[in-house]
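Notes to accompany the following structure.
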2 protein chains.
Amino acid sequence: MQGGSNPFLATLAGIVGEIHVLTDDADTARYVADWRRTYPGAARAVVRPGSTGEVARVVAACAAHGVAVVPQGGNTGLVGGSTPDASRSEVVLSLGRMAAIRRIDPLDNTITLEAGCTVLAAQQAAAEQNRLFALSLASEGSATIGGVLSTNAGGEQVLRYGNTRDLALGLEVVLADGRVLDALGGLRKDNTGYDLKHLFIGSEGTLGVVTTATFKLFSMPRSVVTGWMAVRDPQAAVEMLSRLTDAVGERVTAFELLGRGALSQVLSHPLAGMRDPLAGEYPWAVLFDVSEASAQLDPRAAVEAVLADAIDAGLVADAVIAESARQAHELWALRDHVPEAQRLHGPSIKHDISVAISRIPDFIEQAGAALEQRMPGIQVVCFGHVGDGNLHYNQSKPAGMSDEAFRAREDEIHDVVHAVTARLNGSISAEHGIGRLKQSAFLQYKSPVALDLMAGIKRALDPANLFNPGRVLPRDLVDPTSPSLR
Amino acid sequence: MQGGSNPFLATLAGIVGEIHVLTDDADTARYVADWRRTYPGAARAVVRPGSTGEVARVVAACAAHGVAVVPQGGNTGLVGGSTPDASRSEVVLSLGRMAAIRRIDPLDNTITLEAGCTVLAAQQAAAEQNRLFALSLASEGSATIGGVLSTNAGGEQVLRYGNTRDLALGLEVVLADGRVLDALGGLRKDNTGYDLKHLFIGSEGTLGVVTTATFKLFSMPRSVVTGWMAVRDPQAAVEMLSRLTDAVGERVTAFELLGRGALSQVLSHPLAGMRDPLAGEYPWAVLFDVSEASAQLDPRAAVEAVLADAIDAGLVADAVIAESARQAHELWALRDHVPEAQRLHGPSIKHDISVAISRIPDFIEQAGAALEQRMPGIQVVCFGHVGDGNLHYNQSKPAGMSDEAFRAREDEIHDVVHAVTARLNGSISAEHGIGRLKQSAFLQYKSPVALDLMAGIKRALDPANLFNPGRVLPRDLVDPTSPSLR
C-alpha cells in the first residue's frame with residue numbers, strides 16, 4: 001500500500017491490515033478492468049477483507065468518507081458490473097479472501113459458503129458428500145459465490161435445477177450503513193415478512209454486499225444419458241423438449257440448441273478433437289442430458305423410444321446417444337467451444353436474450369430476417385438453452401467486411417436484436433445482468449413502472465448511492481433531486 | 001349498495017358497477033371475518049372489481065380518499081391478514097370475480113391465471129393438458145391464486161416442487177398509486193434489474209394487489225408409490241428422508257411425519273374409514289409419496305429395498321406400501337384429517353414452525369420438554385413436512401383441564417414453542433404468514449435489521465400505508481414520523 005499518510009487509506013489498513021489495501025497499479029491491475037477488458041478502470045484502492053466484520057467496517061468507513069464501493073468476486077462478469085470506473089475515486093471491495101466452506105450438511109442437503117468461494121470448490125465439496133451443487137457454468141473455476149448471487153447466474157443446468165436464486169436458501173449481507181443482515185438460516189420455508197434474500201440476489205452489488213450464503217444441495221446423478229440430435233428446425237427443437245419431458249419428466253437436465261453457424265465455427269478452427277457427431281450436415285442440432293439419481297433405474301430406453309418416434313415423425317433427421325462418458329464429454333466440448341471458436345473467427349457481437357420457450361422459433365426467424373435486411377451476409381451464431389427460452393444469439397461479420405466496419409455498427413445490431421426481443425415480450429439480458437454494458441437497452445425496454453420501483457428500492461436501501469453507483473440504475477434515476485427519466 | 005349519496009361509494013360504484021359495491025352487513029358478512037373467526041371485522045364497503053383496470057381505478061380512488069385497502073382472495077388465510085379491522089373504515093378489495101384462466105401453454109409449460117381463480121381450478125386446467133399445477137393444499141377448493149401468492153403458501157408437495165414463490169414466473173400487480181406493474185412475461189430467465197416479483201409474493205397484500213400471475217407447470221406423474229412406515233423416532237425420520245432421496249432422487253414428493261398423539265386423535269373420533277395401517281402401536285409414523293413421470297420406469301422396487309434395509313438397521317419397525325390408489329387415498333386421509341380430529345377433540349393451540357431439517361429431532365425433544373414443564377400433561381399433536389423442516393406443532397389440553405383454562409394460557413404456550421424455535425434458528429411462521437395473529441412473535445424474534453429493511457421497503461412502495469395497514473408490519477414501524485421500535 002502506498003499513501004499510508006492518507007487518513008482514509010490508513011483507516012482501511014487499520015481494518016484489514018496494510019497488506020490487504022492495494023493501491024499500486026501493478027497490484028490493482030487484475031481488479032480494475034473487467035474480464036473482457038471492455039471497461040478499463042482505476043481504483044482509489046482495492047481492499048481485501050477477511051471476514052464479515054471487516055467487510056462491515058470497510059463499508060462503514062467508505063460511507064463515512066463518501067467513497068463509492070464496488071464489490072467484486074472472481075471478476076468473470078460480462079457486463080462491466082464489478083469493476084471501478086476510470087475516475088480513481090471508487091474502492092474495489094474484493095471478497096476473494098473470504099473463501100471458506102463454512103458448513104455442509106448432508107441431512108439438511110445444504111451448504112454454507114463464503115462469498116469468495118469458487119463455484120468449482122463448492123461443487124467439489126458437495127461431491128465429497130455425494131451431493132450435487134447444482135450450478136454449472138463455463139467460468140466456474142474462477143466465478144465466486146458472491147458473483148453468481150449478484151448476477152443470479154444461470155448456466156447449463158437451469159432447466160432442471162433453476163437459476164442461482166432458486167438454489168439459495170439464505171444470505172448474510174452487509175448493508176450500506178455497515179450493519180449486517182443475518183438471514184443465513186437455511187430454512188426451506190420461512191414466511192416471516194418480505195423476502196429480503198431475493199432482493200439482493202441479482203442486484204449486482206448495488207444494494208448490499210453478500211458475504212456468506214446457504215444453498216440447497218441435490219442428489220448426485222448416478223447416470224446421465226447424453227444425446228445429440230439433428231432437429232428439423234427450432235420448432236422441432238421446442239417440440240422435442242416437450243416430448244422428452246413428457247417421457248422422462250424433470251430428468252431432462254440440459255437441452256441446448258446449436259445452429260449450423262455455431263457448429264461450423266467450432267469445426268473449422270484448430271480446436272483439439274472436434275468432429276461432427278453426425279454424418280450429414282444439418283442446419284440445427286440439440287445436445288441434451290437426461291440424468292438419473294437412482295442406481296436401479298435407467299431412462300435410456302425411454303429416451304431412445306422418444307428419438308425413434310421423432311425420426312418417424314420427421315422432427316429429427318438423425319441422432320446419436322453417447323456410449324461412454326468420453327463420448328458424452330466430446331459432445332459437450334462442441335457446445336462449450338462455441339464462444340472460443342467465435343473469438344478465433346474474428347470479432348463478434350453478442351446477445352443474451354430470453355423469450356417464452358414457444359416463441360424461440362419466432363425469435364430466430366424474425367431476428368434473422370431483420371439482421372439480414374440491415375446487414376446482408378451477417379453470420380448468425382445461435383446457441384443456447386431452449387429449456388430456459390435463453391439464446392446466446394451472436395453475430396460474426398459478413399464475408400469481406402473489415403473488423404472495424406463491423407464493430408462500428410455494434411449498437412445498430414444490438415438495437416435490431418433487442419427490438420425483436422421486446423416485440424416478443426422477451427428479456428434483453430437473460431442471465432448476464434445489466435451492469436454498464438446493457439444499461440441503455442435496459443432503460444429503453446424496461447417498463448417505466450418497474451424502473452420507478454427499482455429506483456425507490458435503491459433509495460430505501462442505499463440512500464447515499466454508495467454501492468456500485470451508476471451500475472444497473474443510472475445515477476439520475478436514483479438521485480431524488482434529479483428529474484426523473486420518465 | 002346503500003349510501004349511494006356518499007361520494008366515495010358513488011365513485012366506487014361508478015368504477016365496478018353498483019351491484020359490486022357491498023355495504024349491507026348481510027352481504028359483507030362472508031368477507032369481514034376470517035375463516036377461523038378469530039378477527040370479526042366490519043368494512044366500509046366490499047368492492048368486487050372485474051378487471052385489472054377496475055382494480056387500478058378502485059385503488060386510485062381509495063388512495064385519493066385516504067381509505068385503506070384490504071385485498072382478499074378466498075378468505076382461507078390463517079393469520080387474520082385479509083379481513084378488515086372492526087373500525088368500518090377499510091375497504092375490502094375482493095378479487096373473486098377475476099377468476100379466468102387466461103392462457104395455458106403446454107410447450108412453455110406455463111399457465112396464466114387471474115387472482116381470483118382457485119388452486120383447484122388451476123390444477124384441473126393443467127391436468128386437461130396433461131400437466132401438473134404443483135401447488136396442493138387442504139383449502140385448494142377455496143384458496144385463490146392471489147391468496148396463495150400473498151402468503152407464499154406451501155402445502156404437501158413443497159419438498160419436490162417448492163413453495164408458491166418457486167412456482168411463479170411472473171406477476172401483474174396494481175401499485176399503491178394505481179399504476180399497473182406488468183411483469184407477466186413468463187420468462188424462465190430474466191436478469192434485468194431487481195426481482196420485483198419476489199417482493200410482492202409473500203407480502204400479504206401490504207405492497208400491492210396481484211391481479212394476474214404466470215406459473216410453471218410440470219410433468220404429470222404417471223405413477224405414485226405411497227408408503228407408511230413406523231419410524232423409531234424423529235431422528236430416524238430425518239435419516240429415512242436422506243436414504244429415500246439417495247435411492248430415488250428428487251422423486252420424493254411428500255414426506256410427512258405424524259406423532260402418535262396426532263394419529264390417536266384421528267383414530268379415536270368418529271371419522272369415516274380411519275384405521276391404523278400397521279398392527280402395532282408405534283410412536284412415530286411417516287407417510288410418503290414417491291412419484292414418477294415416466295410410464296416406462298417404476299421406482300417401487302427401489303423404495304422397497306430402502307425400507308428393507310431400514311428395517312434391518314432398526315430405523316423402521318414396520319412399513320406398508322399402498323397396493324392401489326384407494327389404499328393410498330386411505331393413508332393420506334389419516335394425515336389430512338389431523339386438523340379436523342383435533343378440532344373434534346377440543347380446543348387446540350397451533351404452531352407452524354420450521355427449522356433446518358436436521359434440527360427437527362432437537363426441536364421435538366426440546367419443545368416437548370419445555371411444554372411438559374410448563375403445563376404437565378399437555379398433549380402434543382405433532383405432524384408436518386419433514387422435507388421442508390416444517391412442523392405443525394399443536395397442543396391439546398391436559399386431561400382434566402377446562403377449555404377456558406387452557407385457552408387462557410395460549411400466549412404462554414406460544415412463547416414456550418417460539419422460544420425453542422428461535423433458539424434453533426427456526427421460523428415462527430413457516431407457511432402461514434404473519435398477518436395480525438403472529439405479529440407480536442414476528443416483532444419479537446425477527447432481527448431488527450430485517451424489520452428496518454422491511455419498513456423501508458414498505459415506505460418506498462406504499463408511502464401512505466394504503467395497503468393492509470397494520471398487518472405484517474405495525475403502523476408505528478412504517479410511519480416515518482413515529483419513533484422506531486428499535
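We name chains A, B, ... by the order of the sequence lines, and we start the count at 1 in each one.
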Does the pair [X]/[Y] count as a salt bridge with the N-to-O cut at 4.0 Å?
| X | Y | result |
| --- | --- | --- |
| Arg188(B) | Asp166(A) | no |
| Asp105(B) | Arg359(A) | no |
| Asp352(A) | Lys189(B) | no |

(message) Taking side-chain contact (heavy atoms from CB on, under 4.5 Å) as the definition, give me every residue that meets it alongside Ala455(A), ordered by chain and number, with sequence neighbours left out.
(response) Arg459(A), Leu477(A)
(message) Does any backbone or side-chain atom of Val180(A) lie under 4.5 Å from a heavy atom of chain B? Answer side chain, backbone, both or neither.
(response) backbone
(request) Tell me, for Lys438(A) versus chain B, whether the close heavy atoms (under 4.5 Å) come from the side chain, the backbone, both or neither. (result) neither
Mind checking whether [X] and [Y] have side chains closer than 4.5 Å, heavy atoms only?
| X | Y | value |
| --- | --- | --- |
| Ser219(A) | Asp246(B) | no |
| Tyr194(B) | Lys458(A) | yes |
| Leu297(A) | Arg251(B) | yes |
| Gln296(B) | Asp298(A) | no |
| Leu199(B) | Leu199(A) | yes |

(message) So which residue, Gly426(B), Ser429(B), Gly456(B), ends up with the most heavy-atom pairs under 4.5 Å with chain A?
(response) Ser429(B)
(request) Report the option among Val248(B), Leu196(B), Leu461(B) that has the most heavy-atom pairs separated by less than 4.5 Å from atoms of chain A. (result) Leu196(B)
Select one option (side chain, backbone, both, neither) describing which atoms of [X] are under 4.5 Å from chain A's heavy atoms.
| X | result |
| --- | --- |
| Leu175(B) | side chain |
| Gln439(B) | neither |
| Thr151(B) | backbone |
| Leu181(B) | both |
| Leu473(B) | side chain |
| Arg160(B) | side chain |
| Pro299(B) | both |
| Ala305(B) | side chain |

Starting at [atom1] of [X], measure out to [atom2] of [Y] and round the result to the nearest 0.5 Å.
| X | Y | atom1 | atom2 | result |
| --- | --- | --- | --- | --- |
| Asn191(B) | Asn163(A) | CG | CG | 6.5 Å |
| Ser427(B) | Leu187(A) | OG | CG | 6.0 Å |
| Thr245(B) | Arg131(A) | OG1 | CZ | 8.0 Å |
| Leu453(A) | Leu207(B) | CG | CG | 10.0 Å |

Pick from [options] with the largest number of heavy-atom pairs that fall under 4.5 Å of chain B:
| options | result |
| --- | --- |
| Lys446(A), Glu431(A), His385(A) | Glu431(A) |
| Ser242(A), Ala460(A), Ala302(A) | Ala302(A) |
| Asp190(A), Val355(A), Ile434(A), Asn109(A) | Asp190(A) |
| Leu107(A), Asp108(A), Ile357(A) | Asp108(A) |
| Val472(A), Asn152(A), Asn425(A) | Asn152(A) |
| Ala293(A), Ala430(A), Gly249(A) | Ala430(A) |

(message) Using modelled atom types and a 3.5 Å cut-off, is there a donor and acceptor pairing between side-chain atoms of Ser294(A) and backbone atoms of Ala247(B)?
(response) yes
(request) Spell out, as yes or no, whether a donor-acceptor pair under 3.5 Å connects the side chain of Glu250(A) to the backbone of Phe218(B). (result) no
(request) Return yes if a side-chain donor-acceptor contact under 3.5 Å exists between Thr192(B) and Tyr445(A), otherwise no. (result) no
